Participant: 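My questions all concern the structure below.
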Amino acid sequence: MKLLRDALAESYPGVTVDWSRLETPPSHELGLLASPVSFELARHLGESPRDVANKTVSSMRFGNTRLVEEARAEGPGYINFYPRYSLFAKHTLVSVEECGEGYGFVPVEAPERIIVEHTSANPIRPLHIGTARNSVIGDSLARLLEKRGHRVRRHFYIDDTGRQTALVAYGYSKLSCPQPEGKPDHFVGAIYAITNCVLEVRRLKKLIEWKESSPERDEAGLQKLKASLDDWIGVAQELSQRYPEIFSTLSKALAEDEDPEEEVNKLIRGYETGEDWAKKLVRQVVEICLEGFRETLSKAGIFFDSWDWESELVWSGRVSRVVDELRRTGFVKSVNGALELDAEAAVEELGLRQLLGLGESEIPPLTLVRSDGTTLYTTRDIAYSLLKFEQADRVISIIGIEQTLAQQHLRIALCLLGKRDEALKYVHFGYELVKMKGVKMSGRRGRYVTFDEVMEEAVKRAYEEVSVKSPQLPEEERRKIAEKVGIGAVKYALISVDPSKPVVFSWERVLDFEQNSAPFVQYAHARACNILKKAEELGVERGDPDFEKLSSPIERELVFDVARFPEVFIDSADNLKPSQIADFANSFAAKFNSFYTSFPVIRAEDVGTRSARLALVNAVRIVLKNCLYLMGIDAPTRM
RNA sequence: GGGCCCGUGGCGCAGCCUGGAUAGCGCGCCAGCCUCCGGAGCUGGUCGUCAUGGGUUCAAAUCCCAUCGGGCCCGCCA
């Protein structure tokens with residue numbers, strides 16, 4: 001650094017440029033670090049970058065710089081720095097030795113209290129592969145921020161008010177509130193899908209009947225309705241085959257009801273106003289479903305610090321207080337008995353367009369309260385975000401990209417309420433949905449691939465694999481390893497793709513145990529562990545490591561990667577990009593595997609080399625383990 | 001109609017924010033490698049108009065504009 005600055009000062013006195021930026025050259029044959037400073041200078045001076053670089057290099061004085069061996073002007077004008085590799089390796093590996101297992105987790109100077117809200121799936125059906133993406137990304141973000149030194153809390157928002165939970169609770173009551181059969185959330189999911197389907201068929205039939213008898217027949221509309229009815233009848237057949245008992249009991253019970261829609265509406269209102277009978281019923285069903293969620297999530301190694309009930313926000317008056325406060329801002333008007341927030345006017349008045357990054361278009365209004373007095377989802381979410389800011393400096397909500405507009409509304413409302421700083425500290429971490437090849441996933445139709453079955457299948461596959469590769473291991477251990485490997489593979493598949501890209505689910509993808517997968521990284525880790533364990537068992541002689549001997553390109557690259565892991569971590573945590581960890585871990589593991597096949601460690605030619613390589617292997621082990629940890633993936637020592 | 005996001009070898013992806021050195025990686029395909037710390041591995045090869053067309057720049061996958069494809073949103077649903 002100083003070297004470069006002084007040389008610049010000498011060659012180009014009086015010119016100030018940002019000399020501090022350093023890049024990594026494309027290949028290690030071009031040194032370890034590169035300065036692009038000549039490009040900048042060349043622009044100002046009108047000289048060619050290469051000339052500038054040459055001139056700068058020639059005036060460098062290496063006097064008391066020990067770590068840098070040489071600098072050269074190369075390529076179009078880069079100044080490449082070549083380190084004294086042995087010293088660099090020594091610094092790096094000694095530093096790993098000192099930090100131990102915590103190596104690389106560089107804490108921020110000013111920790112924040114951060115709430116990461118994730119998963120928050122509607123408690124009416126099992127977690128599916130789409131929500132799994134949310135959980136896995138959210139969990140990884142929480143881990144990254146926590147290791148970065150922030151005080152992180154993970155919150156699950158239970159969306160228990162509104163039509164969906166009321167519908168399933170209604171169906172459940174028609175079954176006479178039985179004990180769940182099978183996994184609780186799957187049971188609830190079946191009731192939801194069946195109730196919804198039966199009611200939908202009934203509604204469509206009535207509608208068609210009525211339309212047919214009406215004087216002015218709209219043939220096109222009628223055809224559409226009939227097609228829709230056929231679709232739902234098909235769904236009914238699927239469901240009756242999958243759940244014959246629940247289906248027949250439920251459809252009989254529902255048929256007896258005069259007006260199921262009204263029953264459901266009564267339940268929605270009763271629950272929102274906090275009537276005991278409604279509370280008891282809805283809570284019972286939701287709790288059953290949550291029990292299933294907890295089971296699934298705990299299997300996936302994902303845990304929460306807080307489960308926040310949406311209904312509590314309503315009952316405690318927080319939601320109505322928010323509505324009142326918003327009314328006082330003057331941007332809320334009554335439209336046909338409902339309350340509407342004029343978001344566009346608010347944005348203009350407060351000058352929020354740029355501040356919140358809202359783009360050019362007009363922001364549509366937001367309905368806060370229905371004409372029947374009940375509130376809407378976004379309204380309750382505004383109240384929720386205020387609650388979160390009572391406990392945190394920053395809030396990160398992992399929510400599907402399709403809710404972008406609602407999330408913008410939320411932040412506008414926060415500004416209106418005088419919480420401008422909070423609005424800026426509120427991050428909607430959007431992610432694209434997971435789609436199925438061929439069929440469309442549809443919760444309402446009971447068509448989804450559950451997180452449970454994906455994990456189960458992956459674990460099964462991993463078990464077969466481990467049994468083939470390591471038949472000598474006891475059954476019990478093979479099962480444990482299969483859990484870690486299978487679930488790791490699923491998580492890795494979901495984390496490694498940028499959240500802004502839609503994922504098409506395929507078994508092939510999550511069951512990939514080859515390169516660029518969790519098992520690949522885990523395998524490299526297990527190999528490192530194995531070498532260290534063997535060395536221990538054999539009691540090989542260890543002496544002063546001779547870092548001079550870590551001189552092959554691949555060893556140098558490994559050392560360099562170990563050295564830059566802290567930076568990768570910081571970057572990934574501060575930019576909220578878990579996929580960068582996956583990327584780094586994969587290429588790092590590949591390098592280690594390459595090293596592994598070509599260089600003996602325990603049988604290295606002399607004690608100094610052996611000790612140096614053992615130190616390197618240990619550093620690799622720690623870095624791999626920490627990468628896996630950040631993705632929420634277990635690192636077995638054998639597999 | 002308006003807004004936002006995405007478009008990189010046959011397939012799946014990284015790089016784009018912060019422009020620079022031959023565009024990385026995996027799968028697939030082809031050819032090799034287990035008397036040697038475990039082959040879920042390794043080595044080599046094959047595969048590219050970075051959607052298209054302009055612009056800015058000494059330099060564009062990267063920044064700007066337009067066009068074309070795909071997705072999402074624009075609800076008194078969540």
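Being a predicted model, the structure only gives us computed values, none of them experimental.
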Participant: Would you say B/G26 has OP1 or OP2 under 4.0 Å from some side-chain N or O of A/R509?
Facilitator: no
Participant: Would you mind classifying the nucleic acid contact of A/D160 as base, sugar-phosphate or nothing, using non-hydrogen atoms under 4.0 angstrom?
Facilitator: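 No contact.
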Participant: Out of curiosity, A/Y192 OH to A/C289 SG, how far, rounded to the nearest 0.5 Å?
Facilitator: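 Rounded to the nearest 0.5 Å, the OH-SG separation comes out at 11.5 Å.
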Participant: Base, sugar-phosphate alone, or nothing: which one does A/S598 contact when heavy atoms must sit under 4.0 Å apart?
Facilitator: nothing
Participant: Could you tell me whether A/N336 contacts a base, only the sugar-phosphate backbone, or nothing, with contacts defined as non-hydrogen atoms closer than 4.0 Å?
Facilitator: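 Contact class for A/N336: base.
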Participant: At under 4.0 Å between heavy atoms, what does A/I602 touch on the DNA or RNA strands: base, sugar-phosphate, or nothing?
Facilitator: base
Participant: Taking the side chain of A/S594 as its heavy atoms from C-beta onward, which of B/G75, B/C42, B/G41 lies nearest to it?
Facilitator: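 So the side chain of A/S594 is nearest to B/C42.
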Participant: Which part of the nucleic acid, if any, lies within reach of A/R638 when heavy atoms closer than 4.0 Å are counted: base, sugar-phosphate only, or nothing?
Facilitator: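 If one applies the 4.0 Å heavy-atom cut-off, A/R638 turns out to touch a base.
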Participant: Among B/C72, B/C37, B/G71, which is the nearest nucleotide to the side chain of A/K435?
Facilitator: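 Comparing B/C72, B/C37, B/G71 against the side chain of A/K435, the answer is B/G71.
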Participant: Verify the contact: side-chain N or O of A/Y596 to OP1 or OP2 of B/G38, cut-off strictly under 4.0 Å; return yes or no.
Facilitator: yes
Participant: Can a side chain N or O of A/R527 be found less than 4.0 Å away from OP1 or OP2 on B/G39?
Facilitator: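 Result: yes.
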Participant: A/F584 near the nucleic acid: base, sugar-phosphate alone, or nothing, with a heavy-atom cut-off under 4.0 Å?
Facilitator: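 The residue A/F584 makes no contact with any strand.
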Participant: Applying a 4.0 Å non-hydrogen cut-off, can you work out what A/N530 is touching in the nucleic acid: base, sugar-phosphate, or nothing?
Facilitator: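 Contact class for A/N530: base.
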Participant: Would you mind classifying the nucleic acid contact of A/V335 as base, sugar-phosphate or nothing, using non-hydrogen atoms under 4.0 angstrom?
Facilitator: base
Participant: Going by ring centres under 5.5 Å and near-parallel planes (under 30°), is A/F520 stacked on B/A40?
Facilitator: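 No, A/F520 does not stack on the base of B/A40, since the centre distance and plane angle fail the 5.5 Å and 30° test.
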